[in-house]
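Comments concern the structure below.
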Amino acid sequence: MNRLERLAKRIQEIGKSTYKPPPDNLENEQEYKERWISIYIIYFTMFLISLGFSVIVTGVWPYLDKLDPTAGKEFMGYVVAANPLGQMLFSPLVGWWANRLGSIRIPLLVSLAVFTFSSAVYSALELFVEYRKYWMLWSRFLVGVSSANIAACRSYLSAATRLSERTKAVSMISLAQVLGFVIGPALQATVVPLGNEGVWLIPQKLKLNMYTAAGWINVFLSVLNFILFLPFIFKEHRIAGREAMLKQGKENEKETWMHQKLDYLSAWTLIVAFFVIVFNFMLLETLGTPLTMDQFAWSKAEALYYMGILMSVGAVIACITFVGINPLCKMFPEAKVMLWGGFLFMVLGRAVYIPWGNTTPQMYDDSMKYNTSTNASICSSIHNSNASAILKLNASNYDNLNLTFSVGSNLANTSTLNNNTNEYNLNNVIKLCNNEELVGCPSSQEWCNYTPAMTIFQFLLGYVLTCLGYPVGVTLIQTIFSKILGPRPQGVWMGLMTGSGCLSRVLGPVFVTFIYTEFGTIWTFSMTTVMMVVSMIWLYLFLERLIPQEEKQEQPKETELQELNNFVPIDLEESK
């Protein structure tokens, strides 16, 4: 405990010379320092919660396929959606709980304890003998339940910042959140060298490999986050209500927002807009790994590695974008920057993903993975051959496949193929017998036979456009939403905003993986493009109503000053 107290004192000493509160009576220098330390801890919490979701997104499909090869991509969609489902259900409750207590400390400590436990379960799934895919589903749901603390974090940020600080603070919290989303896959990529087998943590029971390491990263960081919320480090200071009291001359905080009528249309427009933009961002988070494996014939390890690098580059682009938000909002209204700098780029990012290629993807017969008895018999015959041999596969074995091939001890030489044979089936049989991974688009996705393949260039271009548009859109939606709500307690409203984002992350993976698996890339990206276009038109029609009330009140004063400056002085002596 003494060590933790010394750590708290060191944190509180950081930046003593740089903390300078504004010249008013709302807070003293010590309160100013403690308030900003608490805000920095909120930034870290938002980063961790986003990281807890994204660090497993690129690895969840190969990890699930390893634990249970019969699960399928549709079940992978349920696993990804379980996290936001838990968050959606509990976000309003956690927001209400924080409002009720008048403090976010207890809700945050409880949620971080749940986060630590559920992340550990995800990394220890190999300890379960049966129903592993359902244990994975349950662990991700609990991670989502713990992530409901985002509503309390956003509510506290609105209450702990002055109006002049709000845009910058929300930009930083959004930056922390986006960095969590993009750094997670990068961390997943760094542990790829552990490989599929990894090393034993508990001999013959539990391994540390490229899938489970991600969960243990979450456990370590969540323990650190829990410590930061203890009373001698995290001290709550709410200033927004006191600032509104000072400006309006009211006697208590409740009076400052009771007379201010809430624009429900604007509030719900922003909630829906948040749903749409997060839904489209989740498209890449969910489909990134299986999409690249299908379209570019990458192996599991290659997909994890390259997606990790790509998302690391995305993190850099996001950081540069966040730096530009504040200067842009000083030159143009926030609502217009949100529309033309956020949603427009997201529209282009979705449209670019409609396939440009001239050829269809490489394919493999995924039914071979499940014909274990047939595979064992064939491979046994091959490996037991002392010399080159002719092996005939019966047509009933693999969907009317009838081929004849010659193999030596190294399984490298092939001779003749019948007219009824697809060459990739022969290569896949050899790979299966060598315990090699089958790559390409699975034959069960029939659209792969006739839909053009996506090019790597368009995949990269669409990702860059998304990294430019998403940070701007998601940051300014939350900023404008916070300002429209005003000084009123925002726990429940922020819970609704968080819930809408969670709903998009629930429906997104399930909907998108179903559409993608059944109908392919053209339908998937055409539908999401139309969704973005419709939402952009709606925002354009109601753009004026998205200007916060405080900014509307300042505009007439500025106009009056401009009109006074436009008067031409008249020399009274000359006029005589």
Side-chain angles (χ1 to χ4, degrees), residues 46-68 70-91 94 110-128 130-150 177 180-181 184-185 187-188 191 206 209-222 225 278-279 281-290 304 307 498-499 501-514:
M46 293 292 286
F47 168 79
L48 173 63
I49 295 304
S50 299
L51 183 75
F53 174 78
S54 67
V55 74
I56 64 95
V57 169
T58 55
V60 67
W61 167 239
Y63 187 29
L64 177 64
D65 192 48
K66 178 178 182 290
L67 293 172
D68 187 348
T70 64
K73 289 177 183 173
E74 290 83 358
F75 194 85
M76 184 268 291
Y78 297 136
V79 171
V80 175
N83 179 299
L85 175 62
Q87 191 178 24
M88 179 186 69
L89 295 176
F90 283 83
S91 287
V94 173
V110 171
S111 64
L112 287 170
V114 175
F115 184 88
T116 304
F117 170 77
S118 52
S119 297
V121 170
Y122 177 84
S123 294
L125 288 174
E126 288 182 324
L127 294 177
F128 300 98
E130 297 180 338
Y131 308 112
R132 287 175 172 177
K133 67 178 183 180
Y134 296 108
W135 281 109
M136 177 184 283
L137 184 70
W138 178 243
S139 70
R140 296 309 299 167
F141 178 79
L142 286 180
V143 169
V145 171
S146 66
S147 302
N149 60 23
I150 286 180
Q177 194 171 9
F181 277 125
L187 287 177
Q188 174 71 80
V191 297
L206 183 62
N209 56 33
M210 64 181 182
Y211 308 123
T212 62
W216 293 122
I217 291 173
N218 284 338
V219 171
F220 172 77
L221 292 177
S222 61
N225 202 179
V278 174
F279 182 97
F281 182 75
M282 279 306 304
L283 181 70
L284 282 184
E285 290 285 334
T286 305
L287 281 183
T289 302
L304 290 180
M307 286 299 295
T498 303
C502 296
L503 180 61
S504 66
R505 289 162 56 200
V506 172
L507 298 180
V510 177
F511 171 79
V512 168
T513 51
F514 174 77

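Side chains are part of it too, since the values below use all heavy atoms of this structure and drop only hydrogens, waters and symmetry mates. All values reported here derive from a predicted model rather than from experimental measurement.
Scanning both residues, L206 and A124, for their nearest heavy atoms gives CD1-CA, 3.6 Å. Scanning all heavy atoms of the two residues, the minimum distance from M210 to V191 falls at CB-O, 3.3 Å. A pairwise comparison of heavy atoms in L48 and L221 identifies CD1-CB, 3.5 Å as the closest pair. Closest approach of S111 and S146 over heavy atoms only: O-CB, 3.0 Å.
Residues Y63 and L125 meet the side-chain proximity criterion, which asks for heavy atoms closer than 4.5 Å. At a threshold of 4.5 Å between non-hydrogen side-chain atoms, the residues L67 and W135 do not count as touching.
With rounding to the nearest 0.5 Å, the separation of CZ in R132 from CG in L127 is 8.5 Å. Atoms CE and CG, on M46 and N149 in that order, are 8.5 Å from each other to the nearest 0.5 Å. Of the inter-residue distances, the one linking F117 atom CZ with L112 atom CG reads 15.5 Å to the nearest 0.5 angstrom.
For the side-chain contact (heavy atoms from CB on, under 4.5 Å) with N218, the qualifying choice from L51, I49, V143 is L51, the only one to do so. Looking at F128, F75, Y78 one by one, the single match for side-chain contact (heavy atoms from CB on, under 4.5 Å) with Y134 turns out to be F75.
When the shell of 6.0 Å around CH2 of W216 is examined, it contains more than 12 heavy atoms from other residues, nucleotides or ligands.
Relative to the ring axis of Y211, K66 does not place its NZ or CZ within 45° and under 6.0 Å from the centre.
For residues 115-124, the pairs satisfying side chain to side chain donor-acceptor pair (under 3.5 Å) are T116-S222, with sequence neighbours left out.
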